[in-house]
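Since the model is a prediction, treat every value here as computed from it, not as a measurement. In what follows, every chain begins at residue 1, and chains take the letters A, B, ... in the order their sequences are listed.
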Amino acid sequence: MTDYLEYLDFLYSALEPLNRRNVALSESTHLVADIGLSSLEVMEFIEKIEDHYDISIPLNILPDVNTIGELALKVGELNP
Amino acid sequence: MLFDKFQTMADFQAELAERDVVPFGAVTEQILSPTEGVVEGHKVILAGTNNYMGLSFDPRCIAAAQAAVAKWGTGTTGSRLANGSFAEHEALEQEIARFYGVGHAIVFSTGYAATMGMCSTLAGPGDVILLDADSHASIYAGVKLSDADIIRYKHNDPDDLAKRMRRLGDRAGQTLIIAEGIYSMLGDVAPLQEIAEVKREYGGYLLVDEAHSMGVLGDTGRGAAQAAGVEDDVDFTVGTFSKSLGSIGGFCVSRHAELEAIRFCIKAYIFTASSSPSVIASTREALRIISSEPERRQKVWDNAKRLYEGLKALGLPVGPTASPVVAVEMTDRSRTIDCWKALMEAGVYVNLVIPPASPSTNFLLRNSVSAAHSAEQIDAIISAYAGLKEAGLFEPAQAA
C-alpha cells in the first residue's frame, strides 16, 4: 500500500510539464480551475497515472475529483 | 446562469451567420435522387449522406413502404411493449436475425436508441465497460446511464485493450468490450481480429456497432466482424437502418437467448413508440436487396477508392486507407468553414465536423460515397476540391 503522500508526490511530478501557469501545487490545487488543464490534457494526465501504477481509472469517478488531494485519495482506493 | 454554458455555441452560430454559412442543419429544399439535391439554394452532388447502398429511392423499397402505409396506417401510436408490435416488426426481427445467422434480434426506433439502449442495459453496477475512446456519442450516452465502471481504451489499440483487461483481474469476465466496425468520422476500420483475440484470452463480452459497416463490409454485408472472420467472438451486434438500408431505425442481434429477457429491460425500447410500419416495410425490402445484390458493395468500394485516390493525389490529408467515409482533416476552423462554403458553391455538399464531434482537435470536411454515385460524380467532387486548392483555400502544409 503506497502512502497518500507518495501518491501526492507522483501527481506533482506528473503535473509539472502541464503546469504552464506555474501554480504552486498543493493538495487543494484545482486541476482545471487552477492549473487550467484542457479535457485532452486531463485524459493524458490520467493515462500517465494509470501506466505508473498499472491501474485503470474509471471515467465515472472523474466528476467527483477536482483537486490533486482528491485524486490522490482515489488513486489510493484503486491501487490496493 | 442556466444558459451560460451555451454561450460558446451561440457565439459560433453568430459567426457563421455573419459569414452567411449554414453548415449545421443545412436545409435540403429538394431531393432529386439518392445523390443529388438542392441544399440552401445550391444544386449539389450529395457527398455527405450515409446512403452507402443508394437505396433511398429504390422503387422496390418505395413500393413496399407505400403498400404498408395503406395497410397498417401512418404510425403504431405505441411502444413495442404495449400496442406497437405489428406483424411487420416481428417479421423484420426474424429477417435481421437470419441475415446475421443468429437466433435473436431486437428492432429499435432509431440507431441511437439501439446503441444507447444496449450500452446502458447490458452492464450494470459492479460490471465493467471497456469502450474505444473514439466511440460514437450514443455509446457514451449509454454507458453513462449504465452504472458500470467505465474505462476507455485507446482508439483501435488492441494492446491498450489487453493491458486494461489484464489490470481488471477477476473482473475481466464481467466486462463488456465495445468497438465500432467503421468509425464514422475518419472511416477507419476496427482491428477486430486482434480485439477478438484479447477477448479470447481474458474473457468478457464483445459488442460491435456495425452502423457504418453493415452493407459495406463482409462477404454478405454483415459488416466488419464478418470481414475479419470473427463473428463467433461477437456477443452483440448493433446497427442502424438509416445508412445502408436507407430508412430509419436500429437493431441488436445476438446468438445469446438471454437477449429475449434483456429486451424487456431496455428503457430506450420500452418507453418509446415503435417505428411506423411503412419504415419497417422499406427496411425489410432493403435488407433483401443488399443480400441479393452484392454488386452494390463492389460499387461503393470502387467509388470510395476513386475519391480517396483523387483527394490524395491533390495532396490533401485523407487518412491511411480508403473507406466509404473519406475525411479531409484541417487544423484551422475558419479555413474549414471557407472550404465548406466553397464546396457548396461548386456544387458539392459534404459534412463539416467540428470538435468534439471530431476525434481530435481537428476540423473535418467529411465526404461519404454511395453505390449510387456515378464515376463522373466522384470526379466532379474531386474537381471541386482541386478548384479549392487552386484558389488557395487549403492550409499550405496540407496542399503541398
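- Looking at A148(B), the atoms closer than 4.5 Å to chain A (heavy atoms on both sides) all sit in the backbone: N, CA, C or O.
- The environment of D170(B) atom CG is sparse: at most 12 non-hydrogen atoms of other residues, nucleotides or ligands sit within 6.0 angstrom.
- With rounding to the nearest 0.5 angstrom, the CG atom of D149(B) is 8.5 Å from the CG atom of L78(A).
- If you measure heavy-atom distances from I61(A) to chain B, you find no contacts under 4.5 Å at all.
- The environment of Y205(B) atom OH is sparse: at most 12 non-hydrogen atoms of other residues, nucleotides or ligands sit within 6.0 angstrom.
- Inspection of non-hydrogen atoms places R152(B), K154(B), K163(B), R164(B), R166(B), R167(B) of residues 152-169 of chain B under 4.5 Å from chain A.
- The CG atom of N60(A) sits 8.5 Å away from the CD1 atom of I151(B) when rounded to the nearest 0.5 Å.
- Residue contact with chain B, scored on non-hydrogen atoms closer than 4.5 Å, involves the backbone of I55(A) exclusively.
- Residue S360(B): no heavy atom, backbone or side chain, is found under 4.5 Å from chain A.
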